[in-house]
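First the structure, which I've put down as structure tokens, then a few questions once you've had a look.
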There are 2 protein chains.
Amino acid sequence: MFSKACEYGIRAAIYIGQQSAGGRRVGLKDIAAEIDSPEAFTAKILQQLVRAQLLTSVKGPTGGFELTPEQLRTVTLRQLVVAIDGGAMLQGCALGLPQCSAQQPCPMHYQFLPIRDQLNELLRTHTIGELASKVQEGLGFLKQFS
Amino acid sequence: MFSKACEYGIRAAIYIGQQSAGGRRVGLKDIAAEIDSPEAFTAKILQQLVRAQLLTSVKGPTGGFELTPEQLRTVTLRQLVVAIDGGAMLQGCALGLPQCSAQQPCPMHYQFLPIRDQLNELLRTHTIGELASKVQEGLGFLKQFS
DNA sequence: AAATTAAAGGATAAAATTGTCCGGTATTTA
DNA sequence: TAAATACCGGACAATTTTATCCTTTAATTT
Ligand code: FES
Ligand code: FES
């Protein structure tokens with residue numbers, strides 16, 4: 001569905017959000033450990049998200065990553081996905097036609113569209129803050145414990 | 001969404017199905033031209049599908065690929081996807097957790113599940129023959145003309 | 001100011017996916 | 001039975017994705 005980069009990015013953002021909601025700034029090492037992702041690769045993704053202004057970073061001691069209250073409230077899953085994977089999967093044709101349109105639709109087009117639309121809606125209507133709360137309340141997990 | 005291999009595989013299968021419905025067996029060259037895919041790569045994918053018995057091939061002059069009436073009627077999109085991409089995207093967690101389950105769900109789990117289920121249902125309930133008819137009737141396309 | 005801390009950025013490497021090439025094999029036609 | 005056709009199979013190459021390492025930059029603490 002999403003790329004590994006995107007999966008890590010989303011999980012990281014949610015974890016950072018959860019901690020930011022509690023006023024805690026978190027470092028890369030901590031993040032990678034808590035979401036079970038490769039540290040250096042996660043760093044690259046977080047850099048992208050910082051550049052896209054979807055989260056905030058601070059250098060030096062006591063530094064790390066955080067989400068401002070505004071970011072927590074307004075940044076959506078969709079923004080993360082677009083920043084990392086681009087819009088292709090949110091707009092592209094299911095069968096890989098160069099563009100998805102009703103002019104020359106693929107044979108799955110009309111069946112596929114409503115599902116893709118629901119996915120778009122899902123991503124558009126969920127903020128990092130909202131998902132972070134869910135984790136905070138123990139209703140969702142960012143890695144699996146055995 | 002799907003891999004390139006899967007996109008080519010589905011488009012190819014539908015085209016072969018369309019021709020088979022008219023009693024015509026088709027060769028690789030023809031297929032690749034009609035669905036706008038790289039010839040040699042498409043060959044690899046078709047080999048997989050033949051091995052999985054989702055379509056049939058005949059060697060030699062007048063040879064090529066075809067779908068038996070039974071294959072046309074019974075082979076689903078889902079079978080193609082599973083044969084090429086594996087079941088990961090049809091069962092895996094949206095955020096990449098090692099497994100999707102209600103025991104330790106990711107924060108998107110309950111929102112994501114219905115969409116994934118619809119996608120599964122979509123793939124499960126559409127046969128190659130059905131999609132081939134759509135193309136035959138001019139209601140769907142396997143490549144785009146400009 | 002010096003030392004320490006932690007993210008940023010660049011270069012590289014490994015792995016997976018996508019794509020090509022070519023000799024082998026089965027089948028048909030002459 | 002020889003030649004031609006077209007899929008099969010293995011090796012190989014290019015590209016993209018995933019992942020690592022190391023130096024630089026910025027900020028804090030001593
Ligand atoms: S044209 Fe294929 S999904 Fe719209
Ligand atoms: S656990 Fe993530 S989708 Fe089910």
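A, B, ... follow the sequence lines: proteins, then strands. Residue 1 opens every chain.
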Quick one: the side chain of B:Lys44 and the base of C:dG19, do they pair up donor-acceptor inside 3.5 Å?
->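 In this structure, the two groups form no donor-acceptor pair.
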Taking the side chain as every heavy atom from C-beta outward, state whether B:Tyr15 and B:Asp30 have any pair of such atoms under 4.5 Å apart.
->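 The answer is yes, as the side chains (C-beta and beyond) meet within the 4.5 Å cut-off.
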Nearest to side-chain heavy atoms of A:Pro61, which nucleotide of C:dT29, C:dT4, C:dG9 |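 Within the option list, the nearest is C:dT4.
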Rounded to the Å, how far apart are A:Phe65 CZ and C:dT5 C1'?
->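 Going from A:Phe65 (CZ) to C:dT5 (C1'), I get 14 Å.
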Kindly say whether B:Thr76 contributes a backbone atom to a donor-acceptor pair with the side chain of B:Arg124 at under 3.5 angstrom?
->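 No, because the side chain of B:Arg124 does not come within donor-acceptor range (under 3.5 Å) of the backbone of B:Thr76.
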For the residue pair B:Gln104 and A:Gln144, confirm or rule out a side-chain donor-acceptor distance under 3.5 Å.
->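 No, A:Gln144 and B:Gln104 have no side-chain donor paired with an acceptor closer than 3.5 Å.
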When the distance from NZ of A:Lys4 to P of C:dT17 is rounded to whole Å, what number comes out?
->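 The distance from NZ of A:Lys4 to P of C:dT17 comes to 11 Å, rounded to the nearest Å.
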D:dT18 phosphate, OP1 or OP2: any side-chain N/O from A:Tyr8 under 4.0 angstrom?
->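 The answer is no; no side-chain N or O of A:Tyr8 sits under 4.0 Å from OP1 or OP2.
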Specify the separation, in whole Å, of atom CD of B:Glu39 and atom P of D:dA6.
->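 Roughly 11 Å, once rounded to whole Å.
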Would you confirm whether B:Arg11, through its side chain, and B:Ile35, through its main-chain N or O, come within 3.5 Å as a donor-acceptor pair?
->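 Yes.
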Please work out if B:Lys29 contacts a base, only the sugar-phosphate, or nothing of the nucleic acid, heavy-atom cut-off 4.0 Å.
->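 No contact.
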Rounded off to whole Å, could you give me the NZ-to-P distance for the B:Lys59 and C:dT29 pair?
->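 Interatomic distance, NZ of B:Lys59 to P of C:dT29: 17 Å.
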Ignoring backbone atoms, test whether B:Arg51 places a side-chain nitrogen or oxygen under 4.0 Å from the OP1 or OP2 oxygen of D:dG9.
->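 Yes.
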B:Gln71 and its side chain to side chain contact (heavy atoms under 4.5 Å, CB included) partner, picked from B:Ile16, B:Ile128, B:Leu54, B:Thr56 |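 When B:Ile16, B:Ile128, B:Leu54, B:Thr56 are each tested with B:Gln71, the side chain to side chain contact (heavy atoms under 4.5 Å, CB included) holds only for B:Thr56.
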A:Ile45 has an atom CD1; how far is it from atom P of D:dT17, in whole Å?
->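 Rounded to the whole Å, the gap is 13 Å.
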With a non-hydrogen cut-off below 4.0 angstrom, is A:Leu46 in contact with a base, only sugar-phosphate, or nothing?
->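 The answer is nothing, as A:Leu46 stays clear of every strand by at least 4.0 Å.
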Contact nearer the 5' end of DNA chain D, comparing A:Val58 with B:Val58 =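 First, find each residue's nearest nucleotide; the 5'-ward one identifies B:Val58.
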Gap between atoms CG and P, on A:Asp85 and D:dT16 respectively (whole Å) |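 Atom CG in A:Asp85 sits about 15 Å away from atom P in D:dT16.
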Quick one: B:Ile31 CD1 to D:dC7 P, roughly how many Å, whole number?
->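 Computing the B:Ile31:CD1 to D:dC7:P distance gives 7 Å.
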For B:Ser3 and A:Thr62, take the nucleotide of DNA chain C holding the closest heavy atom to each; which residue's nucleotide lies nearer the 5' end?
->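 Taking each residue's closest nucleotide, the earlier one in sequence belongs to A:Thr62.
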Identify which nucleotide among D:dC7, D:dG10, D:dT18 has an atom closest to any side-chain atom of B:Ser57, counting heavy atoms from C-beta outward.
->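 Comparing D:dC7, D:dG10, D:dT18 against the side chain of B:Ser57, the answer is D:dC7.
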Any A:Gln47 side-chain N or O less than 4.0 Å from OP1/OP2 of C:dG9 |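 Yes, A:Gln47 has a side-chain N/O under 4.0 Å of OP1/OP2 on C:dG9.
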Between C1' of D:dT5 and CG of B:Asp30, the distance in whole Å =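 Taking atom C1' of D:dT5 as the reference, CG of B:Asp30 is at 15 Å.
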